[in-house]
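In what follows, every chain begins at residue 1, and chains take the letters A, B, ... in the order their sequences are listed.
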Amino acid sequence: MPIHNPDIADIFDALADYLEIEDENPFKIRAYRNAARLVRGLGPELADMIAAGESPTDLPGIGKDLAAKIAEILATGTTRALEELKQRIPAGVIDMLRIPGLGPKRASILYRELGVADPAALRAAAEAGRIRSIAGFGAKTEQAILQATAAAVATGKRVGIAQVGPRIETMLNELRRLPGVIRAEAAGSYRRCRETVGDVDLLVAAGAECPVMERFVEFAAAGQVLARGETKSSILLANGLQVDLRLVANSDFGAALQYFTGSKAHNVRIRHIGRRRGLKINEYGVFTLDARIAGETEESVYRALDLPWIPPELREDRGEIDAAAEGRLPGELIEAAHIQGELHAHTDATDGRDTLAAMAAAARKRGLRYLAVTDHSQTLRMVDGLDERRLMEQADEIDRLNEGMKGFTLLKGIEVEILEDGSLDFPDRVLQRLDLVIGSVHSRFQLSREQQTARILRAMDHRCFSILGHPSGRLIGERAPYAVDMAAVIRKAQERGCFLELNANPARLDLTDVHCQMAREAGVLVAIDTDAHSTAEFGQLRYGVNQARRGWLEKKDVLNTRPLATLKKLLKGTMGG
DNA sequence: GCCGTTTTCGGCCCGACTGTTTTCAGTCG
């Protein structure tokens, strides 16, 4: 069973969890957490890197000990250190750490004093009134544990960014309307445009008499107020989403925005750079021993470290700080306005909701210059996939519609099934009559990594193959990506001159940010596609653009920023001619 | 456990809020 980076990352995180319970040196624990995060965000597989003779100790934060543990995990699937910890501490105690308000210290005390070894036992102990008997615990803590264990099922889960977006924007707009409010912005992972958010951080600058906190806690009417202070309050909305609000001075807004936007890892490095220069950086500004030298704007905070402003989407400590220092930040991150056309859309001929003409009109109305119609192919029976005859009828209709339109062009395409053996669902003879071919996997997700990779690589080797659709097949929070060697897929795209899709559907966002970065480094263009199944879904483009920005993609890295003539040339290169 | 323009030891980001305290520990972000 080959070991992949996420497996190694999980083991390092588990080690950190257990060491917290053991009250180990917090910096040692942080070293494991950092390593977990680093390995999880690593593009290439550690196993491949080591096989190629590279040493993990070249990675920042991996020293001799962690390198040895990586080798041990690759060889045995685990590490003795973790197995020994598991002998000493029941796994249920680790689960208790996930309960809000319970950290390692208290979980450990509860385990030692009451023998409580999992969340269910903890709840029973709270119900029996046994928690308050322990020194340092009181009735309120017991009550909090009861509430937390009751809510634990419903909360604590990250939700898709598209599900929280509208609610947050409404909240911000209401706060902005309050008399005395100067600014109100969302920070945190929401501002960094992550795929999912765990909670939302809002920042507000307001005059002294402004009733911000009073208004804010009213949003919790159907939920719960978790904390209510002078400068910070936390609420739980009825749907389980936690929202924190921080009231900051307008003169500190930039420092606060930088601080609370994170990521944590990015900020730790930023503050580290500051310390080396004798500067203290916190949410109130950048300070020398005796003066504040920055903080009004985010730009001023970065400038104090001789860095250019770094876009929030890049702040994940994945090389952006070094890139900023060396003037290598992406020059023109992709924006929605750069997108010239849509290359993946469905009509009511298969599982789309709207007609070809309606889809064309809607795309045109959004200012797009071209739209590729890519319905499903025959083997996908469930959605009435097109056979050759219906595909050619659709092509004829496209020709008719194109005649009547100026400044907008429909392209003939197909989202063709990649069959289990890697062949495509139509013969070359049929595919060659189209402008582009998107190949996608919609079946046999459970193939082994070797089989799945071979299947996809074989499909990409096909004479007519333009774009690999939703390359990992994942549905965020619902379906794991199928096992596939994405580094090999990217190499193949580079070799064949074909393209990878970044599916903008917020439930997919497939490619991931890390794989976008790898594609960019390999010089493989990415197509940001909405995969629209109705006219309204063209609006999901922004989620794809956000994801692409997280993957460092610039205008030049994205296929469908090209004007039609250039695009046609690029597509032709993938169609056997 | 990692790291080094303070380099093989001694640091490692830092502040707010809560609860149970009577000056602070634990948790969170």
Side-chain angles (χ1 to χ4, degrees), chain A residues 12 15-16 19-38 56-70 79 81 96-110 131-145 147-148 156 187-192 197-203 213 225-235 242-248 252 255-256 258-287 301 317:
Chain A
F12 285 161
L15 273 167
L19 293 177
E20 279 195 323
I21 297 282
E22 297 244 301
D23 201 17
E24 255 284 4
N25 175 358
F27 299 105
K28 182 172 170 177
I29 293 163
R30 184 190 294 171
Y32 279 113
R33 297 262 182 238
N34 286 342
R37 196 182 50 77
L38 174 90
T57 53
D58 291 340
L59 298 166
I62 306 289
K64 245 173 89 178
D65 183 275
L66 285 172
K69 287 206 168 63
I70 289 170
T79 163
M96 289 174 18
L97 293 178
R98 311 283 172 253
I99 296 167
L102 262 200
K105 295 283 194 304
R106 309 174 124 217
S108 175
I109 291 170
L110 289 165
I131 306 283
R132 66 180 79 185
S133 63
I134 305 171
F137 290 72
K140 279 208 163 172
T141 304
E142 190 171 272
Q143 199 56 39
I145 287 173
Q147 281 204 344
S189 52
Y190 181 78
R191 180 163 181 247
R192 301 201 312 280
V197 296
D199 58 19
V200 177
D201 301 292
L202 305 182
L203 293 186
M213 289 302 181
V225 178
L226 298 173
R228 161 88 199 254
E230 294 272 305
T231 62
K232 183 197 162 183
S233 294
S234 293
I235 61 174
Q242 183 176 331
V243 185
D244 300 342
L245 183 143
R246 288 178 169 83
L247 192 56
V248 305
D252 302 344
Q258 196 285 327
Y259 186 94
F260 288 111
T261 295
S263 67
K264 192 172 175 175
H266 174 90
N267 283 356
V268 166
R269 282 214 55 202
I270 287 291
R271 289 195 288 272
H272 185 67
I273 292 172
R275 281 181 58 87
R276 282 211 311 252
R277 297 174 174 225
L279 300 173
K280 189 174 78 162
I281 304 172
N282 59 27
E283 61 264 55
Y284 303 109
V286 181
F287 301 86
V301 174
D317 190 24

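A/D201 comes within 4.0 angstrom of the backbone, heavy atoms only, and of no base. Here A/L102 lies in heavy-atom contact (under 4.0 Å) with sugar-phosphate atoms only. Using a 4.0 Å heavy-atom distance criterion, A/Y32 is classed as a sugar-phosphate-only contact. Among the protein residues, A/N25 comes within range of the nucleic acid bases, having at least one heavy atom under 4.0 Å from a base atom. Within the nucleic acid shown, A/R228 comes within 4.0 Å of sugar-phosphate atoms alone, with no base atom in reach, counting heavy atoms only. The residue A/P26 sits apart from the nucleic acid: no heavy atom pair falls under 4.0 Å. Counting any heavy atom pair closer than 4.0 Å across all strands shown, A/R271 reaches a base atom. The residue A/A256 sits apart from the nucleic acid: no heavy atom pair falls under 4.0 Å.
Mapping A/K64 and A/V268 onto DNA chain B via the closest heavy atom, the residue that lands nearer the 5' end is A/K64. Comparing A/F137 and A/S233 along DNA chain B, the residue whose closest nucleotide (by nearest heavy atom) sits nearer the 5' end is A/S233.
Residues A/T141 and A/R132 are not in side-chain contact: their nearest non-hydrogen atoms beyond the backbone lie 4.5 Å or more apart.
The backbone N or O of A/I131 sits less than 3.5 Å from a side-chain atom of A/E142, completing a donor-acceptor pair.
Between the P atoms of B/dC28 and B/dT23, the separation comes to 25 Å (whole Å). The gap from the C1' atom of B/dC12 to that of B/dT7 amounts to 15 Å, rounded to the nearest Å. For the C1' atoms, the distance linking B/dG26 with B/dT20 amounts to 11 Å, nearest Å. Remark: the separation of the P atoms in B/dA16 and B/dT21 is 24 Å, to the nearest Å. Across B/dT18 and B/dC13, the matching P atoms stand 26 Å from one another, rounded to whole Å. Comparing the same atom, C1', in B/dG1 and in B/dT8 gives a spacing of 14 Å after rounding to whole Å.
Of all the heavy atoms in A/G198 and A/S189, the pair that sits closest is N-OG, 4.5 Å. Of all heavy-atom pairs spanning A/D201 and A/R246, the tightest one is OD1-NH1, 3.6 Å.
The partner of B/dT8 is absent, by the rule that a Watson-Crick or G-U pair needs both atom distances under 3.5 Å.
By the side chain to side chain contact (heavy atoms under 4.5 Å, CB included) test, A/A227 pairs with A/S234, sequence neighbours left out.
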message: Between A/I109 and A/I134, does the side chain to side chain contact (heavy atoms under 4.5 Å, CB included) criterion hold? Intermediate values first, please.
response: CA-CA 9 Å; A/I109 291 170; A/I134 305 171; 3.9 Å; yes
Distance-only donor-acceptor hits, side chain of residues 260-274 of chain A, under 3.5 Å, sequence neighbours excluded:
from   : atom 1 : to     : atom 2 : distance (Å)
A/T261 : OG1    : A/R191 : NH1    : 2.8
A/T261 : OG1    : A/L257 : O      : 2.5
A/S263 : OG     : A/H266 : N      : 3.2
A/S263 : OG     : A/R315 : O      : 3.0
A/H266 : ND1    : A/E320 : OE2    : 2.7
A/H266 : NE2    : A/Y302 : OH     : 2.9
A/N267 : OD1    : A/Q258 : NE2    : 3.0
A/N267 : ND2    : A/Y259 : O      : 2.7

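Chain A approaches DNA chain B over the interval B/dG1 to B/dG29, counting the first and last nucleotide 5' to 3' with an atom under 4.0 Å from its heavy atoms.
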